[in-house]
J.: 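Supplied in structure tokens, the structure appears directly below.
Along the sequence shown, residues carry numbers from 1.
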Amino acid sequence: VRPTNPYARYKAEMEGELAKLREAADVLICRTSLILTLDPPGKIIEFVLRALQSSDGITLFTDEPRNMSFSDDLAAALLELSSPGPAAPRGLLHL
């Protein structure tokens, strides 16, 4: 891996740390993307609302699939996933 900028270097370093954590038996790592909040509106919601109110239109990425999560739903899922017990999930989850 040869990162070309500070973000890429940090990401590569963190991926290495995540790999070490995944080897631990009692660890759950939840990775999220595009967390949406409505009250108050988060950055993504504000961006879309501004674009819809203007005549400029909106351009979004098409080369990178992501899952959006509302913050309340994500919080409920994280609470459920963090329940102790032998059936509790472990490892790396992309939410």
J.: If hydrophobic residues (ILVMFWY) are linked whenever their side-chain heavy atoms come closer than 4.5 Å, directly or via other members, who joins Y10 in its cluster?
T.: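 Noted: Y10 shares its cluster with M14.
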
J.: Starting from L74, can I reach L79 by hopping between I/L/V/M/F/W/Y residues whose side chains sit under 4.5 Å apart?
T.: no

J.: To the nearest 0.5 Å, how far apart are CG in L49 and CD1 in I58?
T.: 9.5 Å

J.: Where do A88 and S83 come nearest, in terms of heavy atoms and distance?
T.: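 Closest heavy-atom pair between A88 and S83: CB-O, 3.2 Å.
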
J.: If you measure from CG on D73 to CE on M68, what distance do you get to the nearest 0.5 Å?
T.: 13.5 Å

J.: Measure the spacing between CZ of F70 and CD1 of I45 and express it to the nearest 0.5 Å.
T.: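 That separation rounds to 5.5 Å.
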
J.: Rounded to the nearest 0.5 Å, what's the gap from CG on D72 to CG on L38? Could you check?
T.: 8.5 Å

J.: Strictly by salt bridge (Lys or Arg N to Asp or Glu O under 4.0 Å), give each pair with a member in residues 31-43 just once, sequence neighbours left out.
T.: E15-R31

J.: Over all heavy atoms of both residues, which pair between P41 and E46 is shortest? Give the atoms and the distance, please.
T.: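 Nearest heavy atoms, P41 then E46: O-OE2, 3.5 Å.
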
J.: Just jot down the side-chain contact (heavy atoms from CB on, under 4.5 Å) partners of E13, sequence neighbours excluded, or say none.
T.: none

J.: How many angstroms lie between OG in S69 and CG in L34, if you round to the nearest 0.5 Å?
T.: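 That separation rounds to 8.5 Å.
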
J.: For S71, which residues count as a side-chain contact (heavy atoms from CB on, under 4.5 Å) partner, sequence neighbours excluded?
T.: I35, T37

J.: Taking side-chain contact (heavy atoms from CB on, under 4.5 Å) as the definition, give me every residue that meets it alongside L81, ordered by chain and number, with sequence neighbours left out.
T.: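 Partners of L81 under the side-chain contact (heavy atoms from CB on, under 4.5 Å) test: L28, C30, P89, L93, L95.
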
J.: How long is the gap from CD1 on I29 to CD on E17, to the nearest 0.5 Å?
T.: 10.0 Å

J.: For L52, check side-chain contact (heavy atoms from CB on, under 4.5 Å) against everything at least two apart and list the hits.
T.: V48

